[in-house]
Amino acid sequence: MTQDNRISGGQIDRSRPLRFTFDGIPYTGHAGDTLASALLANGVKLMGRSFKYHRPRGVISAGSEEPNALVELRSGARQEPNTRATVVELFDGLQARSQNAWPSLKFDALAINDRLNTFFTAGFYYKTFMWPAAFWEKVYEPIIRRAAGLGSLSKQDDPDEYDKGFLHCDLLIIGAGPAGLAAALTAGRSGARVIVADEDFRMGGRLNAETFELGGASGADWAARTVAELASMPNVRLLPRTTVIGAFDHGIYGAVERVSDHIAVPAAGKPRQILWRIYTRRAILAAGAIERPIAFENNDRPGIMLAGALRAYANRWGVAVGKRVAVFTNNDDGLRTASDLRAKGISVEVIDSRTGAEVIDSVGRLGVKSITVRDAQGTRTIAVDAVGVSGGWNPNLSISSHHRGRPVWDDAIAAFLPAPDGPAGLTSAGAAAGQMSTHAALTHGAAQAAAALSDLGFTAPAADLPPAEDAPVSIKPLWFVHSGKGRAWIDQQNDVTVKDVKLAHQENFRSVEHLKRYTTLGMATDQGKTGNVIGLAVMAELTGQSIPQTGTTIYRPPYTPVAMGVLAGRSSGKDFRPTRLTPSHKWASEQGAVFVEVGMWLRGQWFPRAGETTWRQSVDREVLQTRKSAGICDVTTLGKIDIQGTDAGAFLDRVYANTFSTLGVGKVRYGLMLREDGMVMDDGTTARMGQNEYVMTTTTANAVPVFRHLEYCRQVLWPDLDVQLISTTEAWAQYSVAGPNARKLLQKLVDQDISDAAFPYMACGEITVCGGLRARLFRISFSGELAYEIAVPTRYGDAMIRELVAAGQEFDAVVYGTEALGVMRVEKGHVAGNELNGQSTALNMGLGKMVSKKKDAIGVVLSQREGLVAEGGYRLVGVKPVDPAKPLTAGSHFVATGKPATAENDGGWLTSVVYSPHLGHSIALGYLKNGDTRRGEKLRAVNLLAGTEVDIEIVSPHFIDPEGERLRG
Amino acid sequence: MIINHPLLGPRDSQEFVYLGDAALMNRPDGMAEGALAAFIDFAYLRDNPAGLHRELWYHEQGDRSWLVVTRNTVTHEITTVELARDVARKAGRSK
């Protein structure tokens, strides 16, 4: 296809043709084109269908405010929906498709919605889909979901990489139009560290789209020269293709740089986009202004655009959108479009509402063919193929309201100005501040920069700014044309019309916030950048108030839509969070271990051997062999905290419910830690290694929170205690060795005597292994067997597991994983994560006697609250099925035999369920009301989710060796 | 947000963990008369001011200092940052 609408001029590179397709049809454009300008050059005005009515739509703007021309880009895994054609930089091979149209853009079946528009007005959903209630989920919602929605996702993994980065500067300048460039020149020459971010790929803003001169040069040339000078300054960083998306606290701004969106595939090693977090001391919002339309009947036809956009396509991109153009304006700026187009030989008719003329309707199904004009002479029809509409320009103040600052109305330009109480450190300059002429933008930008720099202690030399046009704003507000019964669009993306606002008013949704939510005005992805003020104006007229009395809506981050991928950055897939490997990981991998994520850790879950086909076979073997002979387990992940100081014992007495100051040196004790509300926070063993030195262990999950809590107690609650803490979780590789042969196995490696006499149950001490390597030994047991935990410096962890396994060979010792660990602790009746659920007290766990009331420890007082110690509370019990062949299900509830399984008959629940290979049937721990007095009772375990019900018997939670003879052996 | 750490200077709030109202440092004496009522107040009752709020932050990915940060809950402006240990000592907390 030829570019029939291409005219001379513009900042495109005609020597570089680019091929692209739209809905499968091949076209060509040029380097410097956007997808929108290239489509318009090829005579394509119809680019999409509207959200609700499926009306044919074309582009209306030349920037990121575009509500209509949303297209799907690329294909395969890189398919991206809802991109605005106006900001898509053309590249060779670009594939674009229209959205929200079936079977085709030109014939869309759901355009029937447009005929049914009387039903689809504001509040339609609220009124129509009310009954029957059961229809909502099954009938209404699926239909609505199919009909609504814009583009589609690829449903494949995103193949691209995204980065996050941090930047620091004295002054951030948002926007590189005349005000931004003048500010940047001033700041750059002062020596301050400056960042200039602009969402466009070519800096210069409106200077690239206008014909007036700056000091004898074209605006575009002056911009290019200025950008080149800025680029040469080492203290200035230019970020083109970078959208500042939000103002955050304390001078931090978020920005998305589109590094690779203008090429087909990112270069090797390059991210697609970068999310910058920019730390600023001051910032200047120089984001220019956004033109707004005037609403009239059928003002949404393709070819009806903003006048400034029509001019931008002609001046910047060398595209004549139409050959017979009408300009409908209420201000002088619209006249510029007319004169610029005429200078390019295009015939233009001006309808200036200030003379009493108005456009009252348009015709043309897939593109405007004619308009109806009403003026003093009467009504006439004009044949046109493009219309430029100008209702005035709104300062682009979005970012200034990100901290809830309310914009203020300015009658002189008939628009809102940025809030004076915007984000601290942010000022506005140029058109964003209502300084609309080029001269005003330049001088205001320079002045605002000089003021900010002066605050920061920099001296800014006076800017040598070129002379430029300084036309005043001349506008007589006209928001919408009063005419017949047809629809006049305000918010084209969400299909909100003047009628919808009238309906909202009629139904008393008159506050701005109600208006917005009832009609969805401004709630589309463009946040109503072109339409919001018109909606306010209509409501103002209906209520007889002024626009500022009617209010304004506040813009929120992000300024334009942001890809989820760039918010995630590199935190996706296996890099979602760091992975921590235990010291035995390499060895375990060599054994073919199955790993499980425990927090960030990867722990061996079980260690399959040849011939084992199910996980149960491996786990049962590990458990049985440990209880029969010996088993080895990596327990490094448990938190370890070194606690030292003359007050270490006193400190532990306050953070544990039980007492530690009385513990003898060389001894270990189980400790129960409460939260201040009396619930159990964590448990573990703490060893007294010396008079003033303890080593605490925590559960794997709570290693970090417990350390934080201890620091809080030490620094905030008792700031003068002589106690120091350090986390040593990663300093020691720690292995459990359990089973009747544990001592014999370890004695082969430990240099000292560890006989029962020399190293009794609950002993601890510094030892050496393998002929002199320093180590720590603790005689503690989680499994209920004779057991030790041995710790060596982490760098010896790999060697130690290999030594332990070698030493264990003569005993047929096994290495066991977290599953076997879990089975053995349930068999022994030890509480763990499922019982330490944050809602359970020591009393619930059968550990009530551990809570000492003779001292002031955290959580003790509130653990004794009436409700927590009352009869009838949950108590830990053991559970077994009456029929040993019946498996139990975790989460089942206790229900008395013969009673229905309803909430009032709920007696508690099974917290942990395992298959005990030792006993040959399922066993469980559970919390049962009054459980401590109900041994031998027969109940049912009912799981309504799993659909299971098993007759059970309440037993002691200690299924193995209740007297503790094994671990003392 | 940026927290101006009294020892380390301005640090990004990402490095910190938030706990809550600095009144949490006024832990009652568990052995005193009326301890139960005092602890219920301490554990469950908080002021929720629109304006200046003194709150506890922990520099977890830093030097492990607990800080008392005075922050305006309406504007997020941070007016003072102190070491919680110093604040606790000034309030008479010791051993």
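Residue numbers start from 1 in every chain, and the chains themselves are labelled A, B, ... in the order their sequence lines are given, proteins ahead of strands.
In this structure, the ring of His76(B) has its center no less than 6.0 angstrom from the ring center of His250(A).
Leu24(B) touches chain A through backbone and side chain together, each having a heavy atom under 4.5 Å away. For Leu717(A), the parts lying near chain B are the backbone and the side chain together; criterion is any non-hydrogen pair under 4.5 Å. Residue Pro10(B) does not touch chain A at all, counting heavy-atom pairs closer than 4.5 Å. Of the atoms belonging to Ile40(B), heavy atoms from both backbone and side chain fall under 4.5 Å from chain A. Interface remark: Tyr279(A) contributes side-chain atoms only to the contact with chain B (heavy atom separation under 4.5 Å). Looking at Asn26(B), neither its backbone nor its side chain comes within 4.5 Å of chain A, counting heavy atoms on both sides. Heavy-atom distances place the side chain of Arg654(A), and not its backbone, under 4.5 Å from chain B. For Tyr712(A), the parts sitting under 4.5 Å from any heavy atom of chain B are the backbone and the side chain alike. Residue Tyr58(B) touches chain A through its side chain alone, counting heavy-atom pairs closer than 4.5 Å. For a residue to count as touching a neighbouring chain, one of its non-hydrogen atoms must lie under 4.5 Å from one of that chain's; by this rule Val68(B) does not touch chain A. Residue contact with chain B, scored on non-hydrogen atoms closer than 4.5 Å, is absent for Arg404(A).
Ion pairing between a basic and an acidic side chain is recognised when a charged N comes within 4.0 Å of a carboxylate O; Asp21(B) and Arg54(B) show no such pairing. The pair Arg93(B)-Asp720(A) does not count as a salt bridge, with every side-chain nitrogen at least 4.0 angstrom from each carboxylate oxygen. The pair Arg708(A)-Glu711(A) fails the salt-bridge criterion, with no side-chain N (NZ, NE, NH1 or NH2) lying under 4.0 Å from an Asp/Glu carboxylate O.
Chain B is approached within less than 4.5 Å, heavy atom to heavy atom, by Lys853(A), Lys854(A), Lys855(A), Asp856(A), Ala857(A), Ile858(A), Gly859(A), Val861(A) from residues 850-861 of chain A, ordered by number.
Using a 3.5 Å distance cut-off with no hydrogens or angles, the side chains of Asp653(A) and Thr659(A) do not pair a donor with an acceptor. Residues Thr646(A) and Asn692(A) have side chains that never bring a donor and an acceptor to within less than 3.5 angstrom of each other. Side-chain contact, Ser400(A) with Ser428(A): no donor N or O sits under 3.5 Å from an acceptor N or O.
Judged by distance alone, the side chain of Asp722(A) and the main-chain N or O of Asp647(A) form no donor-acceptor pair under 3.5 Å. Using a distance-only test at 3.5 Å, with no hydrogens or angles considered, a donor-acceptor pair links the side chain of Asn72(B) to the main chain of Thr75(B). Side chain of Thr699(A) to main chain of Asn702(A): a donor-acceptor pair is present (N/O by atom type, distance under 3.5 Å, no hydrogens or angles). Side-chain atoms of Tyr694(A) do not come within 3.5 Å of backbone N or O of Ile641(A) as any donor-acceptor pair. Listed for the Thr729(A) side chain is a donor-acceptor partner under 3.5 Å among the backbone atoms of Lys640(A).
Among Met25(B), Arg27(B), Met1(B), the residue with the largest count of heavy-atom pairs under 4.5 Å with chain A is Arg27(B).
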